[in-house]
Structures are given as C-alpha cells and as structure tokens.
Amino acid sequence: PPTELTPTGVAFLTGSAEGRLAGLEGVEPARRLPGVAEVLVIRRPGDPIRPAADAYDRIGHVIASADSVAELDQMLDAALEHITVRLTND
C-alpha cells in the first residue's frame, strides 16, 4: 500500500554581512512555532561570520514539517523571520 509522505524541509541560518557573531535573538520563539521540529545553532558568539558561500558558512538550521509544501515554505519562512543574527565588527 502507498505510504503518505509528510512534507519536511530545512532552512539555513546565514549571515548577511561579515563580522563576528554577537548573538542570536528569537531562537526560542522560533522553536515554539507549530511544525518546527528543530532549530540548531552551530556557531558561538565571537565566531567569524560571512555571507554564505558554502555549507561551512552556515550559522545553523531550522527543520519543519507541514501538511503541504506551501505550508512548509510558510513555516520555514516564519521561523527564519523570528531569528535575528547580530554581528559585531570588533
């Protein structure tokens, strides 16, 4: 019998400029959004950040599942909108 698939996806947290990570805001509210399974931050304050050129430039990720691909896209976008990457140039 066919198995029903659940749309699941990942969105990556990246920096929009160069600097050092001062911190992240909104991670906990993003984790509480419906459908969000995981918000993982792999960088620490003080780590160098630059706009993502490859996988090594990622700050973290969000994983979510939804009833449709359109809903999944909205969930991932909403989670990313909750998270603010703060950089310093010190």
Side-chain angles (χ1 to χ4, degrees):
T3 303
E4 187 173 324
L5 301 177
T6 300
T8 302
V10 61
F12 296 103
L13 299 168
T14 60
S16 60
E18 288 194 28
R20 294 204 172 272
L21 184 62
L24 295 165
E25 297 175 3
V27 171
E28 290 307 317
R31 284 184 173 132
R32 292 191 294 268
L33 291 173
V36 172
E38 178 177 81
V39 177
L40 179 69
V41 177
I42 59 173
R43 298 297 189 93
R44 298 179 188 266
D47 284 352
I49 301 296
R50 65 179 185 177
D54 58 39
Y56 297 104
D57 295 327
R58 296 176 183 156
I59 297 168
H61 67 253
V62 176
I63 297 174
S65 297
D67 293 331
S68 69
V69 173
E71 186 179 336
L72 172 62
D73 287 343
Q74 291 173 349
M75 284 181 178
L76 291 171
D77 288 345
L80 291 179
E81 287 174 11
H82 272 75
I83 300 170
T84 301
V85 177
R86 299 275 183 224
L87 299 179
T88 182
N89 290 321
D90 296 338

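Grouping Ile, Leu, Val, Met, Phe, Trp and Tyr by side-chain contacts under 4.5 Å, direct or through others, puts Leu72 with Leu13, Leu21, Leu24, Val27, Leu33, Val36, Val39, Val41, Ile49, Ile59, Val62, Leu76, Leu80, Ile83, Val85, Leu87. Think of Leu5 as one node in a network of Ile, Leu, Val, Met, Phe, Trp and Tyr side chains linked at under 4.5 Å; it has no links at all. Grouped by direct or indirect side-chain proximity (heavy atoms under 4.5 Å, Ile/Leu/Val/Met/Phe/Trp/Tyr only), Val69 sits alone.
The side-chain hydrogen bond (donor to acceptor under 3.5 Å, both in side chains) pairs that include a residue from residues 62-83 are Thr8-Ser65, where partners are two or more places apart or lie in different chains. Evaluation of the side-chain hydrogen bond (donor to acceptor under 3.5 Å, both in side chains) test over residues 31-49, restricted to residues two or more places apart or in two chains, returns Glu28-Arg31, Glu38-His61. A salt bridge (charged side-chain N to carboxylate O under 4.0 Å, His left out) check over residues 56-65, counting only residues at least two apart or in different chains, returns the pairs Arg50-Asp57.
Of all heavy-atom pairs spanning Pro45 and Ala22, the tightest one is CB-O, 4.2 Å. For the pair Gly46 and Arg20, the tightest heavy-atom approach, listed with the atom from each and the gap, is O-NH1, 2.8 Å.
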